[in-house]
Every structure is written in structure tokens, then in C-alpha cells.
Amino acid sequence: MRLDKFLKVSRLIKRRTVANEACDAGRVLVNDKPAKASAQVKAGDILEIQFGSRNVRVEVLDVKETVKKDEVESLYKYL
């Protein structure tokens, strides 16, 4: 799955366009490397997202096309 779509589906970033902008600005790292929005995400990848002065590190546990709001925690875990 594309990185921007995963960020939206997992609700780490609310909108796909915002996810695209974050990737273009170099604020999203996949396995410690800057990633484009089109980068493929799979289970086991480590994502790091910079929100202003705060960094969020998560490990991808599962990749699904659609997820209910209460099941979103099953897609990743915070590190």
C-alpha cells in the first residue's frame, strides 16, 4: 500500500493531501530514510512522522484497505 494512503487509513494523518505534503517536505521517514508518498508500506516497517517539534514513531503491524475507527489501533503500535 502507498505510504500516503496508509497514513490516512490508519488515521495517523487525517487527510491524504496532508500526508502527501508531509512526505514532500521530508517529515516522514520509513525505516530511517526519507520517503515519498508513493513508497510502499508493509508490515514490519518503522514509520517516523514529525509533527512540529514532536516525533511519532510507529511500527506497522498490518496493512488494510479500510478499517473502522475503533479497530485502527490494530494497524500499528507506538514505539
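Every value quoted in this text rests on a predicted model; they were computed, and no experiment measured them. In what follows, every heavy atom counts, from backbone to side chain, and hydrogens, waters and symmetry copies are set aside.
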- Is there a path of hydrophobic side-chain contacts, each under 4.5 Å between heavy atoms of I, L, V, M, F, W or Y residues, that connects V41 with L61? no
- Task: Could you tell me the separation between the CZ atom of F6 and the CD1 atom of I13, rounded to the nearest 0.5 Å?
- Result: 11.0 Å
- Query: Are K64 and V9 close enough that some pair of their side-chain heavy atoms sits under 4.5 Å apart?
  - Reply: no
- Note on the structure: Taking every heavy atom of A37 against every heavy atom of C23, the minimum-distance pair comes out as N-CB, 3.6 Å
- Below 4.0 angstrom, N of the basic side chain to O of the carboxylate: do D4 and R2 qualify? yes
- Set of residues satisfying side-chain hydrogen bond (donor to acceptor under 3.5 Å, both in side chains) with respect to N55, sequence neighbours excluded: E48
- At what distance, to the nearest 0.5 angstrom, does NZ of K68 lie from OG of S74? 11.5 Å
- Task: Starting at CG of L47, measure out to CG of L3 and round the result to the nearest 0.5 Å.
- Result: 6.5 Å
- Message: Quick one, I49 and L7 - any side-chain contact, counting heavy atoms below 4.5 Å?
- Response: yes
- Query: Shortest non-hydrogen contact from D45 to N31?
  - Reply: OD1-ND2, 3.2 Å
- Message: Do V18 and L29 land in one hydrophobic cluster if side-chain heavy atoms of ILVMFWY residues count as linked below 4.5 Å?
- Response: no
- Query: When rounded to the nearest 0.5 angstrom, what distance separates OG1 in T17 from NZ in K8?
  - Reply: 10.5 Å
- Restricting to pairs with a member in residues 38-77, which pass ring pair (Phe, Tyr, Trp, His ring centres under 6.0 Å), not counting sequence neighbours? Y76-Y78
- Message: Please evaluate residues R57 and I46 with respect to the criterion side-chain contact (heavy atoms from CB on, under 4.5 Å), reporting the C-alpha separation (whole Å), side-chain torsions for both, the decisive distance (0.1 Å), and the verdict.
- Response: CA-CA 7 Å; R57 279 179 64 94; I46 306 293; 3.4 Å; yes
- Message: Whether K5 and E65 form a salt bridge (side-chain N of Lys/Arg under 4.0 Å from carboxylate O of Asp/Glu) is what I want to check.
- Response: yes
- Message: For the CZ atom on R15, are there more than 12 heavy atoms of other groups (residues, nucleotides or ligands in this structure) within a distance under 6.0 Å?
- Response: no
